[in-house]
Asker: 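Sharing a structure with you now.
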Number of protein chains: 2
Amino acid sequence: MPLTSSQENYLKAIYKLEVGEGIATNQALSASVEATPASVTNMLRKLMEEGLVKYEAYQGAMLTKSGRNEAVKLVRKHRLWEVFLVKKLHYDWDAVHALAEDLEHIGGAELINRLDAFLDHPKYDPHGDPIPNEQGEIRARQHAFAASEASVGTKFVVCGVRDSSSLFLRHLDKLNIRLGKNYELIECLEFDRSAVWSEGADSYTNVSSEVAINVLIQITHE
Amino acid sequence: MPLTSSQENYLKAIYKLEVGEGIATNQALSASVEATPASVTNMLRKLMEEGLVKYEAYQGAMLTKSGRNEAVKLVRKHRLWEVFLVKKLHYDWDAVHALAEDLEHIGGAELINRLDAFLDHPKYDPHGDPIPNEQGEIRARQHAFAASEASVGTKFVVCGVRDSSSLFLRHLDKLNIRLGKNYELIECLEFDRSAVWSEGADSYTNVSSEVAINVLIQITHE
DNA sequence: ATAAATTTTTAGCCCAGGCTAAAAATTTAT
DNA sequence: ATAAATTTTTAGCCTGGGCTAAAAATTTAT
């Protein structure tokens with residue numbers, strides 16, 4: 001029997017908690033699907049019966065193989081729709097999450113594979129998160145870490161964000177920081193732990209530590 | 001309060017019955033939304049309370065201004081998504097209805113206007129049906145009629161279908177009849193009321209009367 | 001080891017939107 | 001005008017997925 005949208009949302013929530021090394025307790029899920037703990041208990045029972053989830057009270061929930069499979073499919077759909085909305089419909093990157101959240105429940109493999117092809121098999125979504133392929137494999141970005149960990153002199157490219165809230169993304173817009181842009185870390189200021197990034201020439205950006213913590217970078221060897 | 005998908009489906013069904021000069025009786029609706037008459041009564045009551053529908057037992061239902069407004073928006077969304085699926089994702093024209101049926105409930109004016117722009121403001125969907133504009137105006141095809149009404153010698157262009165079932169559309173595919181193609185009606189055969197259409201040169205297609213009845217054409221004055 | 005705090009589950013309720021079966025209303029036919 | 005057929009509504013029930021408030025289970029702290 002096909003999953004309902006609500007079931008799909010739970011699976012995705014559990015998945016996200018798992019990869020974030022969090023444990024998918026009743027409470028954590030409650031926050032993340034925006035339902036009361038009582039409702040979560042209810043849904044977990046159903047998902048267990050359908051063999052999508054393993055659950056032990058106080059120990060948290062884990063996806064089974066087939067549950068994880070479903071969750072990854074959802075992530076794929078979500079991220080591909082986000083690419084579509086940004087690249088083709090020119091939405092801002094901070095405005096696509098809610099729409100993708102709805103679109104991800106539509107259609108099956110056929111639709112999403114066609115969308116994937118139409119978009120030229122993008123590897124990352126507009127926030128730099130990797131898009132699982134048709135087989136559910138995720139080729140995660142290698143060697144990415146928070147900009148706050150870089151040392152002075154490092155040259156890097158911005159490749160993702162830790163926080164994809166609208167607030168943070170719009171802040172990056174204001175700082176003119178975008179995925180794919182290259183910088184060099186010029187200095188770290190002791191006073192407020194902020195940093196100075198240079199894009200070259202006389203272009204300098206002052207980056208607060210809150211920002212740096214939430215920006216993912218890769219070192220560029222050139 | 002926002003409409004549910006189910007409410008939207010009822011509005012669209014009533015709208016379609018209205019334009020097809022049918023009357024949206026409890027029964028007709030029952031067939032068209034695939035629910036029992038009892039369920040229809042139920043929903044009509046709600047739609048009436050929300051001021052979307054006027055209903056009188058045995059006389060059928062009619063949309064109010066705001067109900068019609070909603071219905072036309074849905075038609076717009078449906079047809080634009082169909083264009084997207086066929087033109088961009090290369091679905092066959094007989095395979096897009098069900099998906100568009102789901103997609104049409106997603107998002108609001110912003111999304112659909114962006115989609116419209118992305119598709120270059122198409123005037124017709126893949127079956128030749130006109131797409132309402134943002135204001136809800138439908139510039140219906142003028143002077144279109146069933147191919148079965150044409151007289152010998154008429155030159156015409158195929159511009160739509162009366163039946164958009166998968167079965168019929170695939171049949172047209174087999175006959176190589178497509179929207180936008182030009183023909184001349186060469187003769188009508190008395191025996192089985194079938195017709196011969198020519199695309200010029202030595203290209204002739206024999207068209208049964210069932211087919212001709214369901215193909216919409218416009219006379220070409222050249 | 002026991003008390004306090006936390007987490008989870010139960011119980012009972014709500015709403016949307018279906019359903020069936022039977023009753024009521026209306027229309028059509030005789 | 002009355003009977004027959006049809007259409008609509010009611011009544012009662014079901015499922016999915018929420019909710020609250022209270023009870024039970026477990027963990028943590030003393």
Asker: Ignoring hydrogens and angles, answer whether the base of D/dT26 and the side-chain atoms of A/Y58 contain a donor-acceptor pair closer than 3.5 Å.
Answerer: no
Asker: Answer yes or no: does a side-chain N or O of B/Q59 lie under 4.0 Å from OP1 or OP2 of C/dT27?
Answerer: yes
Asker: Nearest of C/dT7, C/dG18, D/dT9 to any side-chain atom of B/A38?
Answerer: D/dT9
Asker: Give a yes or no on whether the ring-centroid distance for B/H97 and B/H127 is below 6.0 angstrom.
Answerer: no
Asker: What heavy-atom pair brings B/L111 and B/W81 nearest, and what distance separates the two atoms?
Answerer: CD2-CZ2, 4.2 Å
Asker: Taking any strand in view, what nucleotide pairs with D/dG17 in a Watson-Crick or G-U wobble way, both distances under 3.5 Å?
Answerer: C/dC14
Asker: Heavy atoms from C-beta onward define the side chain here; which of D/dT9, C/dT9, D/dG17 lies closest to that of A/A57?
Answerer: C/dT9
Asker: Which of the following nucleotides, C/dT8, D/dG18, C/dC19, is nearest to the side chain of A/S39?
Answerer: D/dG18
Asker: Once you apply the 3.5 Å cut-off to both distances, tell me the Watson-Crick or G-U wobble partner of C/dC19, or none.
Answerer: D/dG12
Asker: Can you tell me the base-pairing partner of C/dT7? Count Watson-Crick or G-U wobble geometry only, both distances below 3.5 Å, and say none if there is no partner.
Answerer: D/dA24
Asker: Closest to the A/P37 side chain: C/dT8, D/dT8, D/dG18?
Answerer: C/dT8
Asker: Okay, side chain of A/N214, backbone of A/E210: is any donor-acceptor separation there less than 3.5 Å?
Answerer: yes
Asker: Paired with D/dT2 by Watson-Crick or G-U wobble geometry, both distances under 3.5 Å: which nucleotide is it?
Answerer: C/dA29
Asker: In Å and rounded to the nearest 0.5 Å, what is the CG to CZ distance from A/L103 to A/F84?
Answerer: 8.5 Å
Asker: Distance check: side-chain N/O of B/T41 vs OP1/OP2 of D/dT9, anything under 4.0 Å?
Answerer: yes
Asker: Which is more 5' along DNA chain D, the nucleotide nearest A/S6 or the one nearest B/N26? Just name the residue.
Answerer: B/N26
